[in-house]
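We name chains A, B, ... by the order of the sequence lines, and we start the count at 1 in each one. Keep in mind the model is a prediction, meaning the values are calculated, not measured.
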Number of protein chains: 2
Amino acid sequence: MITRTVPDIVVGRLPRYLQALEHMYREGIKTTSSQELGEAIGISAAQIRKDLSQFGEFGKQGTGYSVAFLVEQLQSILKLTRIWDLALVGMGDLGNALARYQGFAEHGFRITAAFDNDPEKIGKEVAGLIIQDSREMKRIIPSLGIKIAMLTVPASVAQMVAEELVDAGIRAILNYAPISLNLPDDIHVENIDPIIKLQHMTYYLD
Amino acid sequence: MITRTVPDIVVGRLPRYLQALEHMYREGIKTTSSQELGEAIGISAAQIRKDLSQFGEFGKQGTGYSVAFLVEQLQSILKLTRIWDLALVGMGDLGNALARYQGFAEHGFRITAAFDNDPEKIGKEVAGLIIQDSREMKRIIPSLGIKIAMLTVPASVAQMVAEELVDAGIRAILNYAPISLNLPDDIHVENIDPIIKLQHMTYYLD
DNA sequence: CATTTTTTGTGCGTATTTTCACAGAAAAAA
DNA sequence: TTTTTTCTGTGAAAATACGCACAAAAAATG
Ligand SMILES: NC(=O)c1ccc[n+]([C@@H]2O[C@H](COP(=O)([O-])OP(=O)(O)OC[C@H]3O[C@@H](n4cnc5c(N)ncnc54)[C@H](O)[C@@H]3O)[C@@H](O)[C@H]2O)c1
Ligand SMILES: NC(=O)c1ccc[n+]([C@@H]2O[C@H](COP(=O)([O-])OP(=O)(O)OC[C@H]3O[C@@H](n4cnc5c(N)ncnc54)[C@H](O)[C@@H]3O)[C@@H](O)[C@H]2O)c1
């Protein structure tokens, strides 16, 4: 049996399935179908079944899927059955909002270290975290085994700071700076940029 | 001449081209090529040329593209040659960070109205905006001609508030709540959700 | 117990998206 | 001027992604 590598576009949809399923779980819904799940998130039922079939058989004909079981399976596929430590770099307005956001902890992501290079900010506490000097990243990040960073520094320094993060052993970066980072191929970068999203939407407006 | 409708996936890449080109412009770079632009953002040169060819011929053989001219053209295609007014709904941590973010204004997006339903917050000022009662959305939004909203309320009320926004004449929503909104097909919704992005990345990590 | 209904997993055809590769235009070099 | 180099725009090919439609399994109904 050959283990075909799963397309990234499929992997990218799994968290959306998981989000909807966890919502159903909280609502007390025990069972769902590809049809119902698809309607909830605007994806065709066939697509969902095809995507899931990449990883195994999780449903029962005539019945559909057990919500709790499918949540478990998706968490396992996405490696969410452990706690992931995060580094947060750049404690300005956005960094502070992220530090206080409860959603990360609720989903097994723990912000374990916060960094800035502003002497005024270093040493201050935010949401139970002491802001540390970003010159210490290379020492602290490996010592805590952190593999994922959220980058909320100004665009002008984002590339440089990203390189420092990679140097410190970071393997994945969630980049909020409005610039595309140029990093080695084995570093996973995802971008969050509201301007890009707004510009996408204006195309369709008058 | 048939005006083939441009694939959404192509439209979605244009803001990224624009971002990189504006960066080049600020750096004083006058001319670029599909090759160079592609390397800057990690997209193949052929892809960029194909995408642009959907809208016209913007380059010169042997020379490439004038950065300033291509910026102008992309802005025009994406309808960015005007100011877009935005409504910001939900003035918690994230809403406040967004209200203070300068990037919107720098790109022609003006947050014109901010709403919340918390009596403690209504009337307060944030970044020059007076927070208004969200019960007034239906009156205020049309009166200011606002078509785009950023939604930063708790997930539990996001669907309801989104429907109120549509009712108030909003045509496009940038949704930060971790839930998929169910709205009429002609409303453009884009989601920003860091958890979804992190869960995508963990798949590739050990 | 037989029949009908529901719903999965998937083979296969279709549609969409990406890449290739090259003619031709402009610029640079000879 | 002629030749060489550079780089676009685009058909055609290749690769990827999507969706239909159905056998098979389970549950519900009669
Ligand atoms: N605020 C928002 O809502 C928002 C929204 C979208 C994107 N962004 C982007 O996110 C980033 C941060 O935005 P912000 O509004 O919080 O900006 P900000 O200026 O408030 O914060 C940036 C922080 O980064 C720190 N910093 C600067 N250089 C550093 C370095 N070399 N190492 C470590 N820390 C450093 C600064 O001291 C500051 O605390 C920017 O790139 C911005 O474009 C912000
Ligand atoms: N804070 C973050 O960094 C962050 C990151 C990602 C996503 N989010 C999401 O963004 C949303 C807001 O996050 P937050 O941390 O700012 O939460 P928050 O609780 O600080 O703010 C929510 C705000 O919405 C207001 N609100 C509640 N019901 C409302 C209604 N019916 N009409 C108008 N306003 C209403 C509240 O009064 C509050 O001011 C949440 O859905 C959250 O999951 C937040």
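- Looking at which nucleotide of DNA chain D each of Gln47(A) and Ser34(B) is closest to, the 5′-most match is held by Ser34(B).
- Side-chain N/O atoms of Lys50(A) and base N/O atoms of dG11(C) include a donor-acceptor pair closer than 3.5 Å.
- Across the protein-nucleic acid pair, Glu57(A) atom CD and dA26(D) atom C1' stand 14 Å apart, rounded to whole Å.
- In this structure, CZ of Phe55(B) is placed 17 Å from C1' of dT8(D), rounded to the nearest angstrom.
- Of all nucleotides listed (dA27(C), dT17(C), dA26(D)), dA27(C) comes nearest to the side chain of Lys60(B).
- When distances are taken from the side chain of Ser33(B) to each of dT8(C), dC7(D), dA17(D), the shortest belongs to dC7(D).
- Atoms CZ (Phe58(B)) and C1' (dG9(D)) sit 12 Å apart, rounded to a whole Å.
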Tyr204(A) vs Asp8(B), side chain to side chain donor-acceptor pair (under 3.5 Å): CA-CA, chis, key distance, verdict: CA-CA 10 Å; Tyr204(A) 296 103; Asp8(B) 183 64; 2.4 Å; yes
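- More than 12 non-hydrogen atoms from other residues, nucleotides or ligands lie less than 6.0 angstrom from NZ of Lys79(B).
- Within the 4.0 Å cut-off from OP1 or OP2 of dC7(D), not a single side-chain nitrogen or oxygen of Thr63(B) is found.
- For the pair Gln35(A) CD and dT5(C) P, the computed distance is 17 Å after rounding to whole Å.
- Using a cutoff of 4.0 Å between basic side-chain nitrogens and carboxylate oxygens, Lys138(A) and Asp167(A) are scored as salt-bridged.
- Each of Gly62(A) and Arg49(A) has a nearest nucleotide on DNA chain D; the 5'-most of these lies closest to Arg49(A).
- Tyr176(B) contributes atom OH, which lies 9.0 Å from atom CG of Leu88(B) (distance to the nearest 0.5 angstrom).
- Nucleotide dT10(D) holds its P atom 13 Å from the CG atom of Asp51(B), rounded to whole Å.
- Atom CZ in Arg13(A) sits roughly 9 Å away from atom P in dG19(D) (whole-Å rounding).
- Around the OH atom of Tyr25(B), the shell of radius 6.0 Å holds no more than 12 heavy atoms that belong to other residues, nucleotides or ligands.
- Among dT10(D), dT17(C), dT8(C), the nucleotide with an atom closest to any side-chain atom of Ile9(B) is dT17(C).
- In the interface, the side chain of Gln61(A) is not paired with the base of dT7(C) through any donor and acceptor atom under 3.5 Å apart.
- If you check dT7(C), dC18(D), dT10(C) against the side chain of Ser53(A), the one that comes closest is dT10(C).
- Taking only side-chain nitrogens and oxygens, Tyr65(A) comes nearer than 4.0 Å to OP1 or OP2 of dG9(C).
- The CG-P distance, from Leu52(B) to dC7(D), rounds to 16 Å in whole Å.
- At whole-Å resolution of the value, CD1 in Ile48(A) and P in dC18(D) are 12 Å apart.
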